[in-house]
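Lettering follows sequence order; numbering is per chain, from 1. This structure is a prediction, so every number in the text was calculated from the model and none was measured.
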There are 2 protein chains.
Amino acid sequence: MGPTTTRPGRNLGPRAAAGNRAALLAAAREIFAQDGIRAPLSAVSRRAGVGQGSLYRHFPDRIDLVVAVFEEQVEAVEAVAADRGARLADLLGIVTRNAIDSTAFVDLVRSSTAPDARLRAFGTRVAAALATHLPAALAAGEVRQELSERDLLLAVSMVATAVTHVAEDERVAVASRAWELLGIEVRLP
Amino acid sequence: MGPTTTRPGRNLGPRAAAGNRAALLAAAREIFAQDGIRAPLSAVSRRAGVGQGSLYRHFPDRIDLVVAVFEEQVEAVEAVAADRGARLADLLGIVTRNAIDSTAFVDLVRSSTAPDARLRAFGTRVAAALATHLPAALAAGEVRQELSERDLLLAVSMVATAVTHVAEDERVAVASRAWELLGIEVRLP
DNA sequence: CTACAACCGGACACAGATGTCCGGTCGGTC
DNA sequence: GACCGACCGGACATCTGTGTCCGGTTGTAG
């Protein structure tokens with residue numbers, strides 16, 4: 001009868017809400033990383049050791065959860081974009097790193113045409129960040145002159161997707177080689 | 001009461017079996033092309049105008065259907081590979097063409113590590129075909145010297161996947177540009 | 001100590017897909 | 001022309017995932 005396990009919170013009143021929320025986010029981050037953003041939400045609540053009810057109370061739908069999980073990553077990309085000391089290679093590097101770490105991030109990068117506006121926003125923000133340093137890279141001769149913003153997005157999408165289709169321990173190697181084949185310099189963080 | 005439509009065959013005896021089979025294959029080709037090899041099979045039987053029972057009688061499981069649908073495409077690739085007059089660019093061209101025409105073909109190309117042996121066989125066959133003309137292309141200086149068989153597969157996988165994630169009417173343009181970025185010549189059939 | 005209100009967990013109703021099973025129907029055969 | 005057996009279609013049982021709802025628990029206030 002006494003399930004006094006170390007679960008996030010078998011009801012500790014209002015105070016537990018935050019703990020449950022954090023547990024759900026952590027669980028979702030892991031599950032989405034492995035299976036992409038379409039993974040079953042029931043798996044998330046199970047992994048978090050929390051009831052379905054709590055999941056849906058904190059995050060009414062799947063997108064709410066995705067947004068909460070990846071806001072941080074997208075901001076990290078934007079931070080590099082805003083850094084005047086950074087170069088295009090750094091920007092591509094952090095995006096590639098995110099793709100290596102999480103299958104779901106790839107879904108996000110590709111979602112500039114997604115049906116849901118909140119998801120599209122992520123895709124757009126990453127695209128905008130990537131565009132930031134392209135002119136400077138072109139001016140400095142760091143990349144081929146013919147490279148357009150669109151090309152950059154295509155390249156990122158190709159590399160990111162390739163990475164998600166190989167075993168985890170090969171991802172860094174595959175990503176590096178892919179960028180080499182494309183003739184674009186990248187600096188992985 | 002009289003459903004005397006032009007359906008493949010509301011039971012014409014043994015003779016209808018072949019007709020139903022053909023209708024199922026055609027339906028599956030369309031549905032797989034659009035939604036990939038994981039599309040619901042119920043959609044296939046519905047589109048074919050045939051009962052679920054008939055579908056499963058002809059093709060006991062999903063893979064049987066996939067194999068039947070794409071055997072032809074894979075053979076076409078192998079035919080080009082066997083043609084001593086063809087060049088690597090032709091080989092990459094036909095594979096790219098198949099990817100443009102069918103999302104499901106991309107699933108196949110990537111399935112050299114799939115759980116099912118029949119699916120793996122497809123991936124392996126395409127990989128083997130691609131490898132056929134690489135030595136000649138290297139000798140003739142048609143591609144960069146550093147290009148390995150593995151690189152070729154990576155490149156194909158990247159381009160093919162990129163293509164499936166854009167609207168149909170952009171696919172040819174995206175595929176062409178992707179190969180350009182990779183610095184590899186392709187001749188689309 | 002008791003009553004309250006907020007929050008929790010999981011049962012549940014629902015939806016979509018899979019694969020099976022069986023009554024009905026039609027060509028073939030004698 | 002009547003029977004037979006093969007084949008057809010779709011209803012159905014099952015499974016997996018989604019989102020809702022409610023009885024139960026627990027911290028807090030009086």
#### Entry: Protein-nucleotide distance (A/Q52, atom CD; C/dA13, atom C1'), rounded to Å
13 Å
### Query
Nearest-Å distance, CG (B/L41) to C1' (C/dT20)?
14 Å
### Task
Would you list the pairs meeting side-chain hydrogen bond (donor to acceptor under 3.5 Å, both in side chains) in which at least one residue belongs to residues 26-37 of chain A, sequence neighbours left out?
A/E30-A/R47
### Heavy-atom pair of closest approach, residues A/L154 and B/A162
CD1-CB, 3.9 Å
### Query
Separation of B/R46 atom CZ from C/dA17 atom P, in whole Å?
7 Å
### Query
Think B/R62 has a side-chain N or O under 4.0 angstrom from the OP1 or OP2 of C/dT18?
yes
### Task
Could you work out which one of D/dT18, C/dG9, C/dA17 sits closest to the side chain of A/S42?
D/dT18
### Task
Check whether any side-chain N or O of B/N20 sits under 4.0 Å from OP1 or OP2 of D/dC7, and answer yes or no.
no
### Task
Measure the distance from CZ on B/R57 to P on D/dG10 and round it to the nearest whole Å.
12 Å
### Task
Round to a whole Å and report the spacing from CZ of A/F59 to C1' of D/dT18.
17 Å
### Interatomic distance where CD1 belongs to A/I31 and C1' belongs to D/dG17 [whole Å]
13 Å
#### Entry: Residue met sooner reading DNA chain D from 5', once A/P40 and B/G53 are mapped to nucleotides
B/G53
#### Entry: 5' priority, DNA chain D, between A/R38 and A/S54 [closest heavy atom]
A/R38
### Query
CG of A/L55 versus C1' of D/dC21: gap in Å, rounded?
16 Å
#### Entry: Donor on one side chain, acceptor on other, A/R110 and A/T161, under 3.5 Å
yes
### Message
Run B/E168 and B/R171 through salt bridge (charged side-chain N to carboxylate O under 4.0 Å, His left out) and show every step you take.
### Response
CA-CA 5 Å; B/E168 280 191 41; B/R171 290 187 178 172; 5.2 Å; no
## Note on the structure
In whole angstroms, the gap separating C1' of C/dG19 from OH of B/Y56 amounts to 5 Å
